[in-house]
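Notes for the one structure printed next.
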Amino acid sequence: MQPTVEVLNERDYILNVGPQHPSTHGVLHLRIKIEGETILDVEPVLGYIHRSIEKMSEALTYRQFIQMTSRMDYLSAHMNNLACALAIENALQVEVPDKVKYIRTILCELTRLASHQLWWAANGLDLGAVTPFFLAFRDREAITDIFEEVCGSRLTMNYIVPGGLMEDVPEGFADKIKTYLDTFERTLSEYDQLLTGNEIFRGRNIGVGVLTKEEALAYGCTGPVARASGLSCDVRKWFPYEMYDKLSFEEIILTEGDSYARYKVRIAEMYQSIKILRQLLDGIPEGDFQAKVKKIIKLPAGEFYQRVETARGEFGVYIVSDGKSSSPYRIKFRSPGLSNLAALPFMTKGAKIGDLIAVMASLDLVIPDIDR
Amino acid sequence: MELKDNNPFPIAEPYPYGNFFLSHLDSIINWSRANSLWPLVFGTSCCAIEMMSAASAKYDWSRFGFEVARATPRQADLIIIAGTITNRMAPVLKRLYDQMPEPKYVIAMGACSISGGPFYYNTYSVIKGADHIIPVDIYVAGCPPRPEALLDAMIQLQNKIKRTKNF
Amino acid sequence: MLHILPLLFFQYFTTNPELILVLKVVLSIVAVISLVAVLGLFLIYMERKVAAAMQLRLGPNRVGYIGTLQTMADTLKLLTKEGFTPGESDKFMFFLAPVIVITSAVLAFAPIPFAKGYQFWNLEIGVFYVPAVASISVIGVLMGGWASNNKYSLIGAMRSGAQIVSYELSVGLSLVSIVVLTGSMNFTTIIMSQENGWWIFKGHIPVVISFVIFLIASTAEINRTPFDLSEAESELTAGFHTEYSGIQLAMFLLAEYVNMFVISAVAATLYFGGWMPLHIGHWEAFNHIMNFIPGVIWFVGKTLFVIFIIMWFRWTFPRLRIDQLLNLEWKYLMPISLVNLLLVTIITLMGWHF
Amino acid sequence: MQIEELKIKLADAFPQCTFEEKSNMTTILINASDAYALIKYLKTEVNPGFDTLSCLTAIDWPDYMEVVYILFSRESKTQLIIKSKISDRNSPETKSICDLWPGAELLECEIFDLFGINFTNHPLLRRVFLGEEWIGYPLRKDYVDEINMITL
């Protein structure tokens with residue numbers, strides 16, 4: 001039954017990048033076939049952090065499995081939680097209060113900022129510049145402080161629950177974010193000074209790992225990776241959820257499709273997130289932080305698919321319910337990273353080893369999100 | 001014997017029969033090992049981000065001399081197991097540990113590497129605790145632990161090293 | 001009678017030329033080794049503090065006063081770590097590689113004048129001796145990379161070979177421009193020629209260009225960011241010394257910093273006058289005041305300044321790619337240095353320099 | 001193009017498929033033998049075509065298996081769920097859609113790995129997550145693993 005796969009020819013010079021390697025961002029394992037410095041083929045080997053979250057979720061209740069999603073794409077924890085909460089709310093046809101919508105959107109955008117900051121840190125680190133790491137973490141720590149005040153956790157939040165939020169937000173929530181945004185807008189220009197205009201950085205990224213629009217569509221790429229190739233795919237625009245249909249913001253689309261375009265898309269998205277946050281912070285309405293949802297949730301029979309835009313692209317939750325039990329019959333998380341990774345062998349064929357690192361840095365992979 | 005805080009070279013044990021030279025050599029070696037723990041760049045999941053936070057300017061583990069993170073196990077003294085260890089990762093972790101030269105230390109950071117954490121029940125691919133694979137010196141609780149907790153763990157490890165006897 | 005024996009011995013030792021030579025050699029070896037050890041400790045500490053300052057951190061501050069003993073602890077730890085040779089490696093070559101690297105680094109100290117008259121070997125071709133000896137280290141690097149029996153090491157070593165061989169040219173050509181100006185390859189003569197001002201000020205723009213090229217090319221030669229391709233941490237984990245641990249790693253690290261010091265000392269000597277104080281033409285009073293500051297302080301100050309610039313590079317720039325690295329040398333630095341050399345020659349022939 | 005229009009068209013071309021409206025999207029049920037042809041038809045023949053593969057997964061029901069394709073047409077903003085039914089649970093097999101979307105390659109490997117569904121015509125079908133030495137298909141409902149799994 002099991003086919004044994006002769007993956008790459010034995011006589012080729014094969015370099016194993018990972019599973020423990022500083023720039024695979026965790027435990028991705030790439031087998032690359034090289035000739036000198038030139039890459040002939042790349043084969044991703046996954047599963048080093050496959051934690052069977054989908055199998056576990058089948059034994060957990062609808063309220064419980066959401067906490068597992070915080071540990072998948074841990075840099076977009078709020079958004080993952082939101083996707084599950086939205087799927088369940090849609091299935092139950094629950095309408096959440098306006099206040100909840102505002103706060104959820106604010107938290108999602110803050111998460112996007114924090115995630116992009118960490119990507120920027122790792123991008124510099126992968127290309128050999130160490131200082132960006134420290135600059136970005138300075139800004140990121142301020143956001144984690146806000147998260148900590150809101151939900152008591154810095155990384156794995158579990159704050160958004162079906163029907164609303166776990167707790168009410170603390171006093172001075174909006175003011176604190178406003179002060180933060182003022183400082184961050186100033187420090188964001190330092191990012192440009194340090195990396196964006198740097199000749200070496202531009203040389204390493206421009207024209208590297210080009211992905212055309214058609215290829216992006218064929219590989220199912222989403223998020224900044226696809227938008228840098230000219231493919232409009234922002235779920236916030238296509239399938240607006242929460243407050244996004246009432247906000248004015250742009251979907252950043254570039255057409256070059258190289259690593260530098262992906263870099264620029266993310267930097268521009270940070271400015272857009274600041275813009276979105278500014279629109280929301282003043283008008284948080286008063287009200288409840290939860291809608292009425294039963295303690296033990298049972299979904300009607302059927303299947304429910306919900307997409308959200310995380311920092312890495314389209315995250316989908318596909319829940320199949322048999323209508324009888326209080327836990328999902330089958331749950332599938334469509335992770336943006338897996339599709340983006342699928343394009344990596346195509347993008348790096350014929351490139352140098354250094355390019356592989358640059359392209360991987362620009363894809364912004366989170367491996368637990370890919371392996372689940 | 002109790003440690004004196006202000007003594008940079010705490011002697012492991014009192015030596016009633018003399019043995020002055022070896023005990024002092026011991027304390028000097030322990031002092032150097034304790035103050036120069038180079039961690040291996042090894043993070044599997046969420047805890048890795050908090051480990052990076054511990055390196056960042058706000059927490060700054062370089063104050064203790066930990067900032068020389070090495071990517072190759074041959075040059076590292078310390079594995080911080082930051083994240084879940086799965087069945088597939090276990091042989092890799094074992095191999096990394098074997099590749100490190102003596103003396104080597106292990107910190108299990110976070111619930112996953114202590115016991116499997118949230119992935120204890122109903123999962124087919126997670127190792128229930130990294131100490132099934134390699135010996136662990138210090139456990140840090142949390143999911144993920146705060147960077148301060150990691151720093152404290154490393155200081156505890158320093159204290160542990162200062163109490164060992166080499167000869 | 002017996003009580004004059006020590007006197008006779010003393011007389012014998014101080015008059016016999018062979019014995020004096022042996023004594024001198026032994027003293028020099030001790031001096032160089034202690035100098036290298038101290039330099040290594042200090043420079044690594046300095047690097048960590050400079051990095052910390054640039055990254056909004058504090059840097060090591062727990063061991064000793066503001067962390068001064070940190071590198072001491074690191075060295076002691078590396079010395080007491082398990083010595084390790086991979087099973088399938090070429091054991092002899094694996095052992096020899098760090099020795100060659102450190103030897104070539106130490107040899108390069110010979111002709112460098114630390115102060116007036118303080119020089120191990122006043123060599124007539126000192127300017128070319130330094131790059132010639134320093135580039136022996138590439139053999140050690142290649143050996144280490146090949147003997148490790150590790151793919152990362154091998155790629156790192158090959159990169160290092162290509163890199164050092166290429167950048168050797170630019171280093172040489174930019175050194176030649178000063179040789180052309182002074183007409184000598186002797187370090188002492190070059191320093192004495194800067195009695196009325198340093199070459200960086202006297203030699204117009206061509207000397208500045210040659211200084212910049214020297215700085216870039218020598219950064220590449222000592223394998224530091226942005227040219228640290230041979231040990232590119234995010235690509236090849238640790239490059240050619242992936243398999244090295246303990247004392248052998250310490251040798252590689254020490255060699256890197258010693259090389260950095262040598263390169264900076266050469267730059268300081270050729271362009272900033274070495275131990276020569278800041279003199280301006282015939283301003284006798286000013287020159288006299290400057291002479292009160294001892295030469296060794298001038299030398300160390302200038303060298304540390306150049307070292308700081310090299311460290312500054314490291315903590316700001318990303319790394320180049322291998323083809324960009326070679327392009328930079330063969331398409332830009334080499335032609336520019338050649339044209340620059342021509343300009344310097346014209347300046348010298350016409351006597352346009354100050 | 002609206003869903004109603006599509007239904008009429010499909011009734012002509014694929015009379016064997018049935019429709020279901022249990023969730024917020026239209027679901028098409030079809031047998032595995034015709035699934036590839038239907039998806040190819042939806043991608044290339046229909047105008048505007050369904051050009052995006054949003055999600056690809058499988059479900060293990062007690063007596064049969066289903067491969068689920070979630071398609072999306074960017075031009076008409078229509079979403080579809082296609083569930084292709086494989087009756088043979090012991091040696092499930094269906095045709096790969098890698099030639100339509102190369103991005104499906106890893107997703108199909110994942111399904112093969114976790115459900116044991118064999119995709120014919122796939123360029124490199126392998127156990128991408130668990131490794132070749134793993135025995136059994138863990139996301140099947142009847143999977144038991146007494147060594148690793150601790151159930152409550």
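For clarity, every value in this text was computed on a predicted model and none was experimentally measured.
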What closest approach, in Å, do [X] and [Y] show between heavy atoms, and which atom pair accounts for it?
X	Y	result
B:Asn35	C:Gln70	O-NE2, 2.9 Å
C:Thr242	B:Gln75	O-NE2, 4.2 Å
C:Gln55	B:Ala57	O-CB, 3.9 Å
B:Ser32	C:Ala73	CB-O, 3.4 Å
B:Arg33	C:Thr80	NH2-O, 2.9 Å

Measure the [atom1]-[atom2] distance between [X] and [Y] for me, rounded to the nearest 0.5 Å.
X	Y	atom1	atom2	value
C:Ser245	B:Gln99	OG	CD	11.0 Å
C:Asn61	B:Phe64	CG	CZ	7.5 Å
B:Ser36	C:Leu69	OG	CG	12.5 Å
C:Arg57	B:Arg63	CZ	CZ	11.0 Å

Does [X] have more than 12 heavy atoms from other residues, nucleotides or ligands lying within 6.0 Å of its [atom1]?
X	atom1	value
B:Trp61	CH2	yes
C:Met93	CE	yes
C:Phe308	CZ	yes
B:Tyr97	OH	yes

| Any side-chain heavy atom of C:Tyr152 within less than 4.5 Å of one from B:Thr72? | no

| Looking at side-chain heavy atoms only, is the closest gap between C:Leu76 and B:Ile29 below 4.5 Å? | no

| Would you say the side-chain atoms of C:Glu82 pair up with the backbone N or O of B:Glu102, donor to acceptor, closer than 3.5 Å? | yes

| note | Heaviest contributor of heavy-atom pairs below 4.5 Å to chain C, chosen from B:Glu67, B:Arg70, B:Arg74, is B:Arg74

| Side chain, backbone, both or neither of B:Ala34 within contact of chain C (heavy atoms, under 4.5 Å) | neither

| request: Find out whether the Lys NZ or Arg CZ of C:Lys77 is both under 6.0 angstrom from the six-membered ring centre of B:Trp31 and within 45° of the ring's axis. | output: no

| query | At a heavy-atom separation under 4.5 Å, does C:Leu58 approach chain B through its side chain, its backbone, both, or neither? | reply | both

